[in-house]
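Here is the structure we will look at, set down as structure tokens.
In this text the structure is predicted, and so the values were computed from the model without any measurement. Residue indices begin at 1 and follow the sequence shown.
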Amino acid sequence: MSTDTRALVATESSTLELAGGGLVALSLLLVAGGLVGLFGLVPVAATVGGVPFATLLGAGLLVLGAGVLGIGAASRTGLVTTEPSRSAGLLAGGVFALFGLVVGGLIGAFALGLSTFWPVTALLVGGAAGAATVLPREDLGSTLVPGSVAIVSGLTFLSGLVGPGWSWPVGDLSATLYAEVAIPLLAAVAGLLAAWTAAKAYGGFGSRGRQLGAYLLIGANAAWMVALLVGLVAYVLVQGFAPMTRGLRFGLFVQPWTWFYFPPIEEYVVISGPVVWFYWPFVMEGVALTNEINGVLPAIAGTFWLVLGAVTFAVPLGVGAAVFLTEYAEQGRFTGLVEVSTNGLWSTPSIVYGLFGLAFLVPRLGNTTSILAGQLVLGFMLLPLVVITSREALKSVPDAYRDASAALGVSKWETIKSVVLPAAIPGVITGIILGVGRIAGETAPILLVMVSDPFPSAAAQVVQGSFRFTGSFPFVAAPTVDLVQSSSALPYQLYAVISAGLDQNMDFAWGTALVLLLVVLSFYAVGIASRVYFRRKLNQ
């Protein structure tokens, strides 16, 4: 005798779930198509499979609208089993009313030619959309407006009323709405509204339907945020990769190792051999007339010294202040005042820090722009964030750790040093990572206090010489560190390129932007690796 346990967990999808799932998939496909068109990856005037892209969007919206209206009608007439509420709710009515205002304005201004009275049609359509959502039962109220919008939008695109080449001057706003924006944007918005409705229908409306609709909107929002970040990085990578890697050469080459003069034959003897050669001009050269390919090495070196100095200045001070305020100071007006001050300083615009550095630091540091002034100014900017995040990390350490250490007779400072700080290090590092990402891309402060020539030919020689033994006391000579000199930095160099005009410098600008992005991401990578390392140490 056989026992089939799969029957205990297997379920079959109902007709309503199949229809709702299909409409959700079609809606998300239209949203993706709208976003692709909005970002110009597939222009509105292009053809896909021999069919104009705008026509495809219109046909999809027409099918989607008919499906949404059909599923609402089937629910209302009892053809499918659902559990709708009495109304779709005021929130849905407000959203659909707002969308109706926009669509009504477009119809009145463009389709009907009401150049002055288009707000009347906007108000009428918006009010009708809100009433059609709130007054009927939920299954009709949730489907009537999204389905109608999708059908009207689809017919508009299919009829060519709004197609490639279409434009609409928006009244007195001195702006013009073009088809390249209007068509994909309307398709994406209509698709998103229909997706929400289809998800509700998939759950049979009611509380389960509203929950699925909310999940879909939240998921779409999260996906949009991730896609936006990935798209931004990918766009910079695509635009800047070719300029950044131009002239890159590496491999095994045969070159002279040494040579000497050999008297018997009265000629020089050259001994050649294989050498590993790596040459990346964009990141190993500066800007000079003799360079075949100009690079950003001085700006990379300036950014490195800038971030290193700011972190060295701000992290010990910030972590120490956080330890004192959290572990030693009484929680009262003083700590409250410090919290308000640090929050205010973190929100202060960066140009204010730059102006402070120009007025206070530059005259006291040789009266010239310098790396040291830039490090201090960015250190001031980083300090509030280090204090805030370090305090939150210290507060998150359970008091049981402190109590257990005190019960063993360990002093307060030893408890902080051996128990509290190690447990708080991952949070502290997270704050430092966020701060470094901000200061590495700052332009305004270093514009005032650090740079003089935006396109130097060589990197600043901050460390000159090396450790060596000498014949006189103290018998060891240390290298000379010169921070009171000007230097360029990647964000300022990018700003200078843009200011000079992008027509002739577009490749250099994209290459610099990609290098800046990689430098910031490398700082993030170091910080994340440190955080993971300390978390593993704590879990051991």
Side-chain angles (χ1 to χ4, degrees), residues 244 278-291 293-315 350 353-354 356-358 360-382 436-468 477-500 505 508-509 511-520 522-523 526:
M244 186 185 70
F278 181 81
Y279 180 58
W280 191 353
F282 196 80
V283 298
M284 297 172 66
E285 298 285 353
V287 177
L289 293 176
T290 56
N291 287 345
I293 299 174
N294 289 319
V296 293
L297 176 62
I300 294 175
T303 303
F304 170 78
W305 288 117
L306 200 62
V307 172
L308 180 64
V311 170
T312 305
F313 171 73
V315 170
S350 59
Y353 285 97
F356 164 77
L358 179 64
F360 184 79
L361 293 177
V362 171
R364 290 162 177 79
L365 296 174
N367 203 25
T368 180
T369 56
S370 63
I371 298 174
L372 181 59
Q375 291 173 334
L376 293 176
V377 168
L378 294 188
F380 290 146
M381 291 179 56
L382 180 61
V436 167
R438 178 187 175 186
I439 63 175
E442 281 293 344
T443 304
I446 61 175
L447 170 69
L448 297 176
V449 302
M450 179 178 166
V451 296
S452 57
D453 181 6
F455 304 107
S457 59
Q461 297 297 319
V462 175
V463 180
Q464 300 175 10
S466 61
F467 287 99
R468 64 183 186 280
T480 303
V481 178
D482 181 13
L483 291 173
V484 188
Q485 59 177 314
S486 300
S487 175
S488 185
L490 283 170
Y492 177 70
Q493 193 161 34
L494 181 59
Y495 166 77
V497 172
I498 296 172
S499 301
N505 303 309
F508 193 83
T512 306
L514 181 55
V515 172
L516 175 59
L517 188 62
L518 293 177
V519 169
V520 173
S522 66
F523 287 133
V526 172

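When all heavy atoms of V497 and A509 are compared, the closest pair comes out as CG1-CB, 3.7 Å. Residues V520 and A440 share a closest heavy-atom pair of CG2-CB, 3.9 Å. Nearest heavy atoms, G374 versus M450: CA-CB, 4.4 Å. Nearest heavy atoms, A373 versus L361: O-CD1, 4.1 Å. Nearest heavy-atom pair, N291 versus G286, reported as atom, atom and distance to 0.1 Å: ND2-O, 3.0 Å.
Separating the CG atom in L376 from the CZ atom in R364 is a distance of 12.5 Å, to the nearest 0.5 Å. Taking CD1 of I439 as the start and OG of S350 as the end, the distance is 12.0 Å to the nearest 0.5 Å. Here the straight-line distance linking atom CG of L372 with atom OG of S487 works out to 13.0 Å at 0.5 Å rounding. Rounding to the nearest 0.5 Å gives a distance of 10.0 Å between CG of L516 and CD1 of I300. Note that CZ of F508 is 9.5 Å distant from CG of L494, once rounded to the nearest 0.5 Å. For the atom pair CG (L382) and CD (Q375), the distance works out to 12.5 Å, reported to the nearest 0.5 Å.
No side-chain N or O of T512 forms a donor-acceptor pair with one of Q493 less than 3.5 Å apart.
Within a 6.0 Å radius of CZ in F523, more than 12 heavy atoms belonging to other residues, nucleotides or ligands are found.
Evaluation of the salt bridge (Lys or Arg N to Asp or Glu O under 4.0 Å) rule for E285 yields no partner, not counting sequence neighbours. Looking at residues two or more places apart in sequence or on another chain, you find no ring pair (Phe, Tyr, Trp, His ring centres under 6.0 Å) involving Y353. Every residue two or more places apart in sequence or in another chain that forms a ring pair (Phe, Tyr, Trp, His ring centres under 6.0 Å) with F380 is listed here: F313, F356. Contacts of T443 classified as side-chain hydrogen bond (donor to acceptor under 3.5 Å, both in side chains), with partners at least two apart in sequence or in another chain: none. With sequence neighbours excluded, the residues forming a side-chain hydrogen bond (donor to acceptor under 3.5 Å, both in side chains) with T369 are S486, listed by chain and number.
At distances below 3.5 Å, at least one donor-acceptor pair connects side-chain atoms of N294 with backbone N or O atoms of A288.
Applying the side-chain hydrogen bond (donor to acceptor under 3.5 Å, both in side chains) test to pairs two or more places apart or on separate chains, none has a residue in residues 299-312.
Residue I446 forms a side chain to side chain contact (heavy atoms under 4.5 Å, CB included) with just one option from L306, L490, V377, and that option is L306.
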